[in-house]
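Reading through the structure tokens given below for one structure.
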Amino acid sequence: MNKTITIIKGDGIGPEIVTQAMRVLDVVAQQYGHTFTYQEVAAGGNAIDQYGVPLPEESLAKCLNCDSVLLGAVGGPKWDNVEPARRPEKALLGIRKEMGLYSNLRPAKIFPQLADASPLKPFIVAEGIDFIIVRELIGGIYFGKRRTEELDGQLVANDEMTYSEGEIRRIARVAFNTARKRSGRVISVDKANVLDTSRLWRKVMNEVAEEYPDVTLEHMLVDNCAMQIVKKPSQFDVVVTENMFGDILSDEASMITGSIGMIPSSSLGDGTRGLYEPIHGSAPDIAGQNLANPIGTILAAAMMLKYSFDMDEESAAIEAAVEATLNDGYRTGDCMSEGMIRLGCVEMGDQIIAHLKKR
Ligand code: NAD
């Protein structure tokens with residue numbers, strides 16, 4: 001197969017981790033007879049420096065004209081004081097919106113080899129952590145109208161949160177379809193005791209549930225969900241929620257699995273083209289020092305092969321190579337524990353590639 005992949009290395013550790021993922025993809029291409037053509041584009045802080053905007057038109061055009069996009073991370077303190085409309089994150093919001101990526105799937109799965117790195121008590125971890133958060137990605141408060149104005153001598157800020165039935169229905173279907181491939185349980189998270197958007201969310205979730213008699217649906221308030229994720233994470237299979245709640249809960253869920261450096265995510269719309277990235281940010285504190293964990297990005301590339309290119313075997317081969325490398329005791333600093341062997345970003349890439357080549 002020939003696939004064109006748009007590459008956004010981004011800022012901070014972005015270039016280091018994406019480079020390792022591309023090395024892994026190159027080995028997969030060689031082994032399985034595929035051709036991956038990369039088109040690298042600027043987005044985020046580096047694009048502000050080069051072009052004055054976080055998402056140049058040419059970069060967006062290449063995201064819209066490819067088979068999938070692989071992203072490192074954008075942002076950093078250098079651009080913290082840029083005017084809000086031109087901040088690095090605007091690039092991501094723009095790409096998601098223009099590509100119509102309304103669903104974000106983030107697995108929260110503990111690697112048994114990293115059980116020690118979880119901040120949870122061992123008996124909670126031992127019950128297992130393996131769920132997926134389906135987050136609505138292009139609606140809600142992050143995309144609502146906002147304004148700050150002076151009223152009665154003080155500044156007053158206002159952010160609007162809006163959801164339509166259609167926006168809720170399509171993300172509900174993603175969640176129910178995902179549950180069908182897992183253990184058939186959806187927990188929908190909202191704040192229906194307070195918010196109108198949540199009451200509509202709950203109503204539409206219940207309607208869509210009728211199309212899926214084989215899947216069970218429960219509702220949970222977001223504050224309770226935040227507690228349950230640390231108290232009894234084994235109860236979750238598929239969690240579906242709106243944009244802002246999903247943003248917060250998915251970070252919480254990633255923390256309990258040990259290291260945010262290990263977790264990939266995929267964003268998809270109605271077609272097969274997606275945006276794949278690790279869940280973490282650009283980690284400016286360790287950028288350029290060969291300290292970053294590339295595994296989240298490498299697993300994001302594996303997700304891309306599976307969900308966008310239908311290359312299940314190739315994707316599984318990458319996952320197996322990552323597992324084997326962890327079994328060998330290799331760790332980057334973020335998930336290092338006693339008795340393990342500490343590696344840099346490039347060396348972690350080397351080990352994973354060595355396992356891939358053993359196949
Ligand atoms: P962060 O995820 O970049 O870093 C949080 C902590 O985790 C840091 O100590 C960092 O060193 C560590 N870390 C993150 N990824 C790691 C990896 N792969 N290997 C080892 N350690 C890793 O979050 P932050 O510090 O809040 O944000 C830094 C910048 O990234 C900000 O400008 C923020 O806006 C941006 N950001 C971008 C994205 C994105 O591009 N999708 C997401 C979140 C934050």
Side-chain angles (χ1 to χ4, degrees), residues 7-25 27 44-46 70-78 80 88 106-122 124-125 129 230 233 250-265 276-303 318-357:
I7 299 283
I8 303 174
K9 288 186 173 169
D11 308 314
I13 58 170
E16 298 167 62
I17 53 181
V18 175
T19 300
Q20 297 313 310
M22 290 166 76
R23 288 178 66 209
V24 167
L25 284 173
V27 174
N46 60 90
L70 182 66
L71 165 81
V74 299
K78 184 176 175 194
D80 274 353
R106 229 199 233 195
K109 185 175 170 171
I110 192 136
F111 285 88
Q113 301 91 337
L114 297 185
D116 282 356
S118 172
L120 296 185
K121 293 219 165 80
I124 299 176
V125 176
I129 302 175
V230 289
S250 54
D251 267 11
E252 185 192 10
S254 60
M255 260 323 287
I256 63 169
T257 63
S259 166
I260 61 169
M262 306 285 300
I263 305 173
S265 93
Y276 296 86
E277 57 188 313
I279 61 158
H280 55 73
S282 60
D285 52 331
I286 56 165
Q289 301 168 49
N290 194 31
L291 292 175
N293 186 345
I295 292 179
T297 319
I298 290 170
L299 292 175
M303 275 184 110
I318 296 177
E319 287 173 2
V322 168
E323 289 260 355
T325 304
L326 294 175
N327 284 338
D328 288 345
Y330 293 118
R331 305 281 187 271
T332 42
D334 53 305
C335 51
M336 185 64 190
S337 57
E338 216 184 306
M340 299 295 122
I341 308 148
R342 192 183 186 118
L343 293 182
C345 182
V346 176
E347 293 72 30
M348 182 57 94
D350 290 343
Q351 290 300 329
I352 293 168
I353 285 168
H355 273 291
L356 262 180
K357 285 186 170 165

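Since we're looking at a predicted model, the values are computed, not measured. Each residue takes its place number in the sequence, starting with 1.
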Output, in order, the C-alpha distance, side-chain angles, deciding distance and verdict of salt bridge (Lys or Arg N to Asp or Glu O under 4.0 Å) for Arg342 and Asp334. CA-CA 10 Å; Arg342 192 183 186 118; Asp334 53 305; over 6 Å; no
Intermediate values then yes/no, side chain to side chain donor-acceptor pair (under 3.5 Å), Gln113 and Asn327: CA-CA 7 Å; Gln113 301 91 337; Asn327 284 338; 2.8 Å; yes
Intermediate values then yes/no, salt bridge (Lys or Arg N to Asp or Glu O under 4.0 Å), Arg23 and Asp350: CA-CA 9 Å; Arg23 288 178 66 209; Asp350 290 343; 2.7 Å; yes
Quick one: do Ile286 and Ile13 satisfy side-chain contact (heavy atoms from CB on, under 4.5 Å)? Show the steps, please. CA-CA 7 Å; Ile286 56 165; Ile13 58 170; 3.9 Å; yes
Go through it in stages, so that I can follow the logic: the residues are Leu70 and Ile8, the test is side-chain contact (heavy atoms from CB on, under 4.5 Å), and I'd like the CA-CA distance, side-chain angles, deciding distance and then a yes or no. CA-CA 6 Å; Leu70 182 66; Ile8 303 174; over 6 Å; no
Which is it for Thr297 and Gln20 under the side-chain contact (heavy atoms from CB on, under 4.5 Å) test, yes or no, and what are the steps along the way? CA-CA 8 Å; Thr297 319; Gln20 297 313 310; over 6 Å; no
Where do Lys109 and Ile129 land on the side-chain contact (heavy atoms from CB on, under 4.5 Å) test, with the steps shown first? CA-CA 5 Å; Lys109 185 175 170 171; Ile129 302 175; over 6 Å; no
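In this structure, Ile263 and Thr257 have side chains that are in contact, with non-hydrogen atoms separated by less than 4.5 Å. Looking only at side-chain heavy atoms (C-beta outward), Pro15 and Val18 stay at 4.5 Å or farther from each other. Leu299 places a side-chain heavy atom less than 4.5 Å from the side chain of Glu319. Counting only heavy atoms from C-beta outward, the side chains of Ile295 and Ile17 never approach each other to under 4.5 Å. With contacts defined as side-chain heavy-atom distances shorter than 4.5 Å, the pair Tyr330/Met340 does not qualify. In this structure the side chain of Pro294 reaches within 4.5 angstrom of the side chain of Cys345, judged on heavy atoms. No side-chain heavy atom of Gln351 sits less than 4.5 Å from a side-chain heavy atom of Ile353. With contacts defined as side-chain heavy-atom distances shorter than 4.5 Å, the pair Arg106/Asp251 qualifies.
The heavy-atom pair separating Gly296 from Pro264 by the smallest distance is O-CB, 3.5 Å. Lys357 and Val27 make their closest contact through CG-CG1, 4.0 Å (heavy atoms, listed as atom of the first residue, atom of the second, distance). When all heavy atoms are compared, the tightest approach of Val74 to Pro88 is CG2-O, 3.8 Å. The two atoms that bring Ile352 and Ala321 nearest to each other are O-CB, 3.6 Å, heavy atoms only. Closest non-hydrogen pair, Val125 versus Ala115, comes out as CG1-CB, 4.0 Å. Nearest heavy atoms, Ile124 versus Pro233: CG2-CD, 3.4 Å.
Between the side chain of Ser282 and the main chain of Gly75, a donor-acceptor pair closer than 3.5 Å is present. Side-chain N or O atoms of Arg331 include one that pairs as donor or acceptor with a backbone N or O of Leu326 at under 3.5 Å. A distance-only check finds a donor-acceptor pair linking the side chain of Ser118 to the backbone of Ile256 [under 3.5 Å]. Using modelled atom types, no side-chain atom of Asp11 and backbone atom of Gly76 make a donor-acceptor pair closer than 3.5 Å. Under the 3.5 Å distance criterion, the side-chain polar atoms of Asn290 are left unmatched by any main-chain donor or acceptor of Gly344.
A donor atom on one side chain and an acceptor atom on the other are not found under 3.5 Å apart for Asn293 and His280. No side-chain donor-acceptor contact under 3.5 Å links Glu16 and Gln289.
Glu323 contributes atom CD, which lies 13.5 Å from atom CD1 of Ile318 (distance to the nearest 0.5 angstrom). Atom NE2 of His355 sits about 4.5 Å away from atom OG1 of Thr325, to the nearest 0.5 Å. Atom OG of Ser254 is separated from atom CD1 of Ile279 by 3.5 Å, given to the nearest 0.5 angstrom.
Shown here are the salt bridge (Lys or Arg N to Asp or Glu O under 4.0 Å) partners of Asp116, two or more places apart in sequence or in another chain: there are none.
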